[in-house]
Amino acid sequence: MPGPRFPSSSAPTVEPAAPVRFCDTTLRDGEQAPGVAFTAAEKLAIAAALDAIGVHQIEAGIPAMGPAERDVLREILATQPQAGVVAWCRADRRDIDAAVSCGIVTAHLTIPVSDLHLKSKLGRDRGWARRRIRDCVFDAADRGLRFSVGLEDASRADDNFVIELAGELREWGATRIRWADTVGLLDPVSAYTRLGRLVQAVPGEWEIHAHDDFGLATANTLAAVQAGFTWVSTTVLGLGERAGNAPLEEVAMALRHLLKVPVDLDTTSFRRLARMVARAACRPLPVGKAVVGESVFAHESGIHVHGVLRHPSTYEPFDPAEVGGQRRLAFGKHSGRASVRYALAQYGITADDSEIEPLLERVRTTATQTKRGLHGRDFQELLGRAEVPAPRVEAPPS
Ligand SMILES: [Zn+2]
């Protein structure tokens, strides 16, 4: 079944033949989230987990930050992950020196390209940006580094300047160019049109780096892939500056299920990875977080439970096991007869409607009074009150 397409008469529609490649930046952009500070042990554990699920590159840190960051980069490199380990560098010789000093072989060199950033942040102009990044890529190449180039704030830059500069970067040896929506200002339709034009003008590997300030990072990342981008930049749970980045787990599952694009990651570890990163970041993992939240495969309302029990795809977009999750039938205010009947069956009880109705009423009343879903023990108690036979199965329905 073909994936959804954005309407555009001018932009190309590209069907990626190979799996989309993931450069995960949880350890760099993710850690830049306010108040987030990973320990060395946490960084190593997250790098190992990212490697185990098969991301293609791990953007592991910023060597110019100091000796402690460089030590962690060395330690990650020493584990010899299958994934490439990338160090983030400004277009600055000192950053490249710092990367080389800790044994990095792949650097990501970043240059702002919007007039706003160039003028307001650096007091510079486009000519300076062009000269600066040219000198840096030559320097990196002279030292034997592999490198990609990041165009910071590209979404607010003049597209003609970006095309011109990207063409030169290809000539200077940049096989991959990252196009950054630094402040999350893209929308999917214009992203598809603008990025499609870019890919047509400057073929080769492009990477999308989307921020989530308007909640559109995943949508914009998908639009970029539809426009011909072959790399995506993500973080676990979308952890990152301000509202964060495109979440790894959302992008991967949406690419696979909505765009039918091959994704060669071990997605069954997504929930475990999300919990690990949430813990290390000291941030709660919202129960309703897409793909990995505790409740995203929980069903309470009567109609939904009835449907899921008959056929899971009625109210589930994919099998929970695909992301290491589990279907859960919750009992609460919105429960219906099918839930109660299912629960009774778990206890080896068959009941007719006259027995189920009063029990259902008690489930609803208790849920409203306690303002929470009911768990197995609650239900067992309710069953006792309803004077039904003792349950044969101790475990709550799940
Ligand atoms: Zn970023």
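Atoms within each ligand, like the ligands themselves, are counted from 1 in listed order. Positions are given from 1, in the same order as the sequence printed here.
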Check your understanding: How far apart are the closest heavy atoms of T221 and A210, and which atoms are they?
Key -> OG1-CB, 3.6 Å
Practice item. Compute the ring centroids of F318 and F297, then answer whether they are less than 6.0 Å apart. Key: yes
Check your understanding: Nearest to the Zn ion (ligand 1), which N, O or S atom of D29 do we find?
Key -> OD2
Review point. L198, L165: one ILVMFWY side-chain cluster at the under-4.5 Å cut-off?
Key: yes
Review point. Is the closest basic N to carboxylate O distance between E31 and K43 below 4.0 Å?
Key: yes
**Study point:** Name of whichever N/O/S atom of H211 is nearest to the Zn ion (ligand 1)
**Key:** NE2
Point to revise | Nearest to the Zn ion (ligand 1) - the N/O/S atom of H209, by atom name | key: NE2
